[in-house]
Protein chains: 2
Amino acid sequence: MNRHAPTLEDVAREAGVSRATVSRVVNGVRNVDPAIQDQVRVAIERTGYAPNRAARSLVTRRTGTVALVVSGAGDGTGDTSEEEQNAFAARVFADPFFGRVVGGVVGFLRPRSTHPVLMFAESPEARQEVLRYLRQGNADGALVVSTHPDDPLPALLAEAGLPAVLFARPVRPVALSHVDLAHWDGGRLAAERLLARGCRKVATVSGPWAVAASQERLAGFRDTMARGGHPYVPVAEGGFTLDSGVAAMAELLAEHPDVEGVFAANDLMAQGVCQVLRERGRRVPDDVAVVGFDDSSVAATCRPPLTSVRQPVEDMAAAMARLLDEHVRGLRTEPASVLFEPELVVRESA
Amino acid sequence: MNRHAPTLEDVAREAGVSRATVSRVVNGVRNVDPAIQDQVRVAIERTGYAPNRAARSLVTRRTGTVALVVSGAGDGTGDTSEEEQNAFAARVFADPFFGRVVGGVVGFLRPRSTHPVLMFAESPEARQEVLRYLRQGNADGALVVSTHPDDPLPALLAEAGLPAVLFARPVRPVALSHVDLAHWDGGRLAAERLLARGCRKVATVSGPWAVAASQERLAGFRDTMARGGHPYVPVAEGGFTLDSGVAAMAELLAEHPDVEGVFAANDLMAQGVCQVLRERGRRVPDDVAVVGFDDSSVAATCRPPLTSVRQPVEDMAAAMARLLDEHVRGLRTEPASVLFEPELVVRESA
DNA sequence: TCGTGGCGGGAGAGCGCTCTATGCCCTCGG
DNA sequence: CCGAGGGCATAGAGCGCTCTCCCGCCACGA
């Protein structure tokens with residue numbers, strides 16, 4: 001706070017060289033005489049110099065910052081009050097999924113000393129703010145995690161020609177890179193597990209139908225059950241939340257009290273499924289086996305701990321960051337997609 | 001991506017005025033002839049101009065960005081692997097507390113069109129990175145949430161004269177503003193609830209002893225119980241995690257099988273307490289009443305839903321952001337502290 | 001000896017913005 | 001009718017950095 005921060009000029013004077021030389025040493029470009037390098041380094045040390053990023057990015061047109069955008073519903077009528085926005089953020093992070101995304105992103109970014117700016121785009125104004133932010137050059141690009149299938153943000157970003165990478169393939173094709181999971185295989189793994197346990201009467205709590213991932217998980221599950229000789233699988237639609245899992249299971253149980261196995265399309269709903277089963281006097285896994293999806297932290301803390309289809313979220317998030325980095329650096333110009341394979345993690349629930 | 005982004009110069013040419021005039025219109029300073037204002041606005045519209053933030057902050061020395069730092073353990077020997085870092089982030093966000101902090105911060109910041117950069121400072125290198133980041137002028141200041149009592153970051157920030165605001169009063173006095181909760185009163189509320197329900201044998205799962213908040217919650221609880229005629233309250237120390245709640249409750253139950261009421265110093269541990277009680281055949285709240293702390297999202301999703309001492313985390317986080325804003329703008333020069341009052345939220349567990 | 005090429009360093013032109021100093025012009029009082 | 005003064009716009013100087021020239025020096029070959 002006292003005085004002014006030292007500048008390149010100050011360091012140069014201290015070291016008895018020119019600005020350009022100091023810049024070269026700082027950025028490690030071109031050959032600089034080792035002796036002079038040392039001089040400069042000493043001068044930097046002595047002055048406590050730290051390059052001013054605003055000045056640097058003014059000329060390089062790179063910021064060392066990416067936007068990590070959690071994008072919400074489609075229409076979003078009216079403006080978002082502070083209250084609603086708070087709720088959105090809290091809801092988003094209530095799903096352990098996002099913590100893992102953040103972890104993976106930061107894990108990749110930090111060694112490159114770039115950092116994520118957290119943004120929420122749950123309303124039209126918020127979306128505009130994101131676009132404005134990127135167009136102003138505040139960040140080099142965006143990592144987008146949509147919570148809603150017909151999120152308009154990806155299209156807006158693509159249209160504006162802003163570098164962006166999506167988590168999950170968008171329903172409507174968009175010229176952006178994305179990472180995704182082989183959801184069908186995930187459904188298959190869940191079915192195989194239930195079949196292997198000898199469950200014959202099985203049901204499933206799917207994710208929202210509008211979400212492509214839900215459909216694929218369901219398809220993988222159903223196809224595999226059919227192949228195993230069980231062509232009929234009752235389905236109740238959930239919304240990836242605990243409450244919706246509770247409601248869906250209650251519904252299923254009312255119509256199919258003899259169910260022996262349940263596949264829930266994420267762990268939060270699986271937790272709800274377990275709650276309902278226990279309340280109705282069913283033991284998990286003795287009476288009913290339950291398989292979740294994600295292998296998130298609730299899978300481990302749930303009682304009983306959930307057998308779950310693992311989604312390598314951290315790796316996927318890191319891959320997003322990598323793709324974005326490549327786009328920003330111009331190493332990659334065409335949209336690409338990276339697909340990850342799920343894996344079954346066996347615990348106690350199935 | 002195509003061509004160059006329009007600059008002030010372009011807009012000025014388009015509108016037939018000078019750069020300075022456009023700048024004034026954009027920033028809304030000084031009187032500008034309304035007719036010219038319109039001209040300029042039209043030109044801005046037509047060119048799709050967006051002010052370049054790097055250039056702006058180069059001269060204003062403000063960035064419109066704050067660092068939101070989640071700061072970890074004290075020593076942290078050795079460097080942090082990407083794995084460990086991932087785990088840290090996931091662990092941090094596993095506690096719904098942080099989602100609420102983020103929500104509150106974003107809620108305050110967004111109307112001021114500033115945004116938080118998420119940083120983790122769980123190792124010495126990561127801490128240095130935070131300092132470097134701030135000293136480089138990447139952000140105007142830092143909002144710090146420590147997960148560990150002897151976190152050295154606050155002192156480092158204060159020493160470097162960087163604007164920062166802490167969540168919770170630091171153990172060692174530091175010349176930084178902070179927000180906090182009246183934890184003692186929170187403990188009192190919990191005790192009053194249990195006393196009102198007629199619980200006589202009560203026990204408590206405290207937070208880590210090194211954390212001042214834990215001690216204050218405990219003190220408020222004990223003092224109030226004592227005043228109610230119950231001077232002896234068994235305590236087991238937990239670590240604010242679900243597992244630690246489980247362990248602590250198991251321990252308490254072994255020594256005091258006749259317990260009628262339990263106060264856990266946060267909801268995550270309260271959830272663990274409920275799990276253990278159920279496994280040991282105790283009904284909540286019929287046999288044992290349980291009061292949690294925080295009123296976080298797990299309080300609502302726990303079975304049974306937890307009666308909990310509400311901590312207005314969103315408001316506290318917003319207050320942090322406000323304090324920081326005032327420091328950055330120079331409206332406030334001396335460290336200040338803002339204290340919030342807890343509130344009892346009654347659900348089913350007590 | 002001089003020419004040539006390559007390496008290491010310096011000079012200086014911006015990057016896009018803000019803001020102070022300056023100057024124009026119009027109005028109003030004397 | 002002239003001078004003073006105030007409202008509004010402009011000119012231009014940076015903010016701190018990068019990067020493209022350019023130049024000097026030395027080693028080497030002719």
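The basis for the numbers below is simple: all heavy atoms, side chains too, and nothing from hydrogens, waters or symmetry mates. Numbers restart at 1 for each chain; the letters A, B, ... are given by sequence-line order, proteins then strands.
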Mind listing the N/O atom pairs, protein and nucleotides 23-27 of chain C, below 3.5 Å?
none

* To do: Start with the C-alpha distance between Asp325(B) and Arg322(B), add both sets of side-chain angles, then the distance that settles salt bridge (Lys or Arg N to Asp or Glu O under 4.0 Å), and finish with yes or no.
  => CA-CA 5 Å; Asp325(B) 184 58; Arg322(B) 185 172 49 72; over 6 Å; no

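Smallest separation of non-hydrogen atoms from Ala15(A) and Gln39(A): O-OE1, 2.9 Å. When all heavy atoms of Val328(B) and Pro163(B) are compared, the closest pair comes out as CG2-CB, 4.2 Å. Listed here is the closest heavy atom pair of Ser57(A) and Arg62(A): CB-O, 2.6 Å.
In this structure, His115(B) and Tyr133(A) have perpendicular ring planes: the angle between them is above 60°, well past the 30° mark.
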* To do: Any chance you could list the contact pattern along nucleotides 12-18 of chain C? Use B for base contacts, S for sugar-phosphate-only contacts and - for none, protein heavy atoms under 4.0 Å, 5' to 3'.
  => BB-BBBB

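The pair Arg46(B)-Glu14(B) counts as a salt bridge, with a side-chain nitrogen and a carboxylate oxygen less than 4.0 angstrom apart.
For the residue pair His327(B) and Ser177(B), a side-chain donor N or O sits within less than 3.5 Å of a side-chain acceptor on the partner. Under the 3.5 Å distance criterion, with hydrogens and angles disregarded, a donor-acceptor pair is assigned to the side chains of Gln136(B) and Arg132(B). Thr21(A) and Ser18(A) share a side-chain donor-acceptor pair at under 3.5 Å. Residues Thr63(A) and Asp140(A) have side chains that bring a donor and an acceptor to within less than 3.5 angstrom of each other.
Nucleotide dC26(D) holds its C1' atom 13 Å from the CG atom of Asp33(A), rounded to whole Å.
Comparing the axis of the opening five pairs of the helix from dT1(C)-dA30(D) to dG30(C)-dC1(D) with that of the closing five pairs yields an angle of 60°, rounded to 10°.
Taking side-chain N and O atoms only, Thr21(A) has no distance below 4.0 Å to OP1 or OP2 of dG8(C).
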